[in-house]
Amino acid sequence: MIQKQSLQVAQILLDIKAVSLSPEKPFLWTSGLKSPIYCDNRLMMGHPKERSYIVEQLATRIQETFPEVEYLAGVATAGIPYASMVSQILDLPMVYVRSDAKKHGKKKAIEGSLPSQSKVVVIEDLISTGKSVLQAAQTLAEEGAEIIGCAAIFNYQLPIGITAFEYAGYPLITLTNYESLIQQALLQEELKPYRSLLESWHRNPEAWSQEME
């Protein structure tokens, strides 16, 4: 069932053109990695039917996997709308976490009221290196929250991200992943010639990035 859902969500991302391919001029991530493929889940905001399906599936997976959840936390900025919509479905309170604390006002990194020892699921739109969502989880933990897991729509399944989550010890659920995305993408004739490139990048994105310098 989960595998079928993963392929369905991957196809939705392809259908709404949230996935871009640019092997000649790779995309530069904030982490410094270069990639021939880019997934922009923000485009989901312009597709209400597909967005509703994604949010409902995310809410169901969170409820099934983390039934003890008390609060949801969105990672700024892309995780905020999904956390908001899922919180509405599950009737749960939410907060959101800034990448850095504000320099003015109350100078908070966490926006919203979060009681100490609340059981929290952190929501992000996608996982690449894992840095942003794990940083948010650390910020929440430092304020007394109990992080019981993380959730996202898409996971690049990069070795660096897998290692980061194993080290942090937080369970991670995602609706779809790189493997499913490529499986669906390669059904399109125009993308089949890029199979070896996409596979080689995924095996070692750091080495691939250096070669593109």
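All residue numbers in this chain count up from 1 along the given sequence.
Closest heavy-atom contact between Val120 and Ala145: CG2-CB, 3.9 Å. When all heavy atoms of Leu134 and Ala168 are compared, the pair lying nearest together is CD2-CB, 3.8 Å. A pairwise comparison of heavy atoms in Ala73 and Val97 identifies CB-CG2, 4.4 Å as the closest pair. Listed here is the closest heavy atom pair of Cys150 and Val133: SG-CG2, 4.1 Å. Smallest separation of non-hydrogen atoms from Ser128 and Trp29: CB-CZ3, 3.6 Å. When every heavy atom of Ile54 is checked against every heavy atom of Leu175, the shortest pair comes out as O-CD1, 3.5 Å.
Residues passing the salt bridge (Lys or Arg N to Asp or Glu O under 4.0 Å) test with Arg195, sequence neighbours excluded: Glu199. Under the side-chain hydrogen bond (donor to acceptor under 3.5 Å, both in side chains) criterion, Glu189 pairs with Lys192, sequence neighbours left out. With sequence neighbours excluded, no residue satisfies ring pair (Phe, Tyr, Trp, His ring centres under 6.0 Å) with Phe66. Residues that satisfy the side chain to side chain contact (heavy atoms under 4.5 Å, CB included) test with Ala207, not counting sequence neighbours, are Asn204. Remark: Thr174 pairs with Ile127, Ala152, Asn155, Leu172 by the side chain to side chain contact (heavy atoms under 4.5 Å, CB included) rule, at least two apart or across chains.
Side-chain N or O atoms of Glu111 include none that pairs as donor or acceptor with a backbone N or O of Arg98 at under 3.5 Å. Formation of a donor-acceptor pair under 3.5 Å by the His202 side chain with backbone atoms of Gln157 is found in this model.
Pairs passing the salt bridge (Lys or Arg N to Asp or Glu O under 4.0 Å) check and including a residue from residues 127-143, sequence neighbours excluded, do not occur. Screening residues 113-127 for salt bridge (Lys or Arg N to Asp or Glu O under 4.0 Å) gives Lys119-Glu146 as the qualifying pairs, with residues at least two apart or on separate chains. The salt bridge (Lys or Arg N to Asp or Glu O under 4.0 Å) pairs that include a residue from residues 4-31 number zero, where partners must be two or more places apart or lie in different chains. Pairs of residues two or more places apart, or lying in two chains, that qualify as side chain to side chain donor-acceptor pair (under 3.5 Å) and include a residue from residues 37-54 are Gln8-Tyr53. Applying the salt bridge (Lys or Arg N to Asp or Glu O under 4.0 Å) definition to pairs two or more places apart or across chains, none involves residues 71-81. Pairs passing the side chain to side chain donor-acceptor pair (under 3.5 Å) check and including a residue from residues 59-78, sequence neighbours excluded, read Gln5-Arg61. Legend: side chain to side chain donor-acceptor pair (under 3.5 Å) pairs involving residues 175-185, not counting sequence neighbours, sorted by first then second residue: Ser6-Thr176, Ser6-Ser180, Gln11-Gln184, Asn177-Ser180.
Residue Gln117 places its CD atom among 12 or fewer non-hydrogen atoms of other residues, nucleotides or ligands, all under 6.0 Å distant. Counting non-hydrogen atoms of other residues, nucleotides and ligands closer than 6.0 Å to CZ of Phe165 gives a total above 12.
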- prompt: So Glu206 and Ile160, side-chain contact (heavy atoms from CB on, under 4.5 Å) or not? Walk me through it.
  reply: CA-CA 9 Å; Glu206 291 85 0; Ile160 187 174; 4.0 Å; yes

task: Using the side-chain contact (heavy atoms from CB on, under 4.5 Å) rule, take Val121 and Val86 through it: C-alpha gap first, then chi angles, then the decisive distance, then the call.
output: CA-CA 11 Å; Val121 170; Val86 170; over 6 Å; no

- prompt: Can Ile80 and Val75 be said to form a side-chain contact (heavy atoms from CB on, under 4.5 Å), step by step?
  reply: CA-CA 6 Å; Ile80 295 175; Val75 179; over 6 Å; no

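Side-chain contact check for Trp208 versus Pro36: some heavy-atom pair is nearer than 4.5 Å. Within the 4.5 Å cutoff, the side chain of Cys39 has heavy atoms near those of the Leu13 side chain.
Separating the CD1 atom in Ile123 from the CG atom in Leu72 is a distance of 4.5 Å, to the nearest 0.5 Å.
Put simply, Ile110 and Met94 are part of two different groups of oily side chains (I, L, V, M, F, W, Y) that touch within less than 4.5 Å, one to the next. Linking ILVMFWY side-chain heavy atoms closer than 4.5 Å, directly or via other members, places Leu140 and Ile62 in two distinct hydrophobic clusters. Ile173 and Val122 end up in different hydrophobic clusters when Ile, Leu, Val, Met, Phe, Trp and Tyr side chains are linked at under 4.5 Å. Tracing side-chain contacts under 4.5 Å through hydrophobic residues (I, L, V, M, F, W, Y), one reaches Tyr96 starting from Met44; they form part of the same cluster. Residue Leu114 is not grouped with residue Val69 when hydrophobic side chains (ILVMFWY) are merged at heavy-atom distances under 4.5 angstrom, including chains of intermediate members.
Under the 6.0 Å cut-off for aromatic ring centres, Tyr156 and Phe154 qualify, their centroids lying closer than that.
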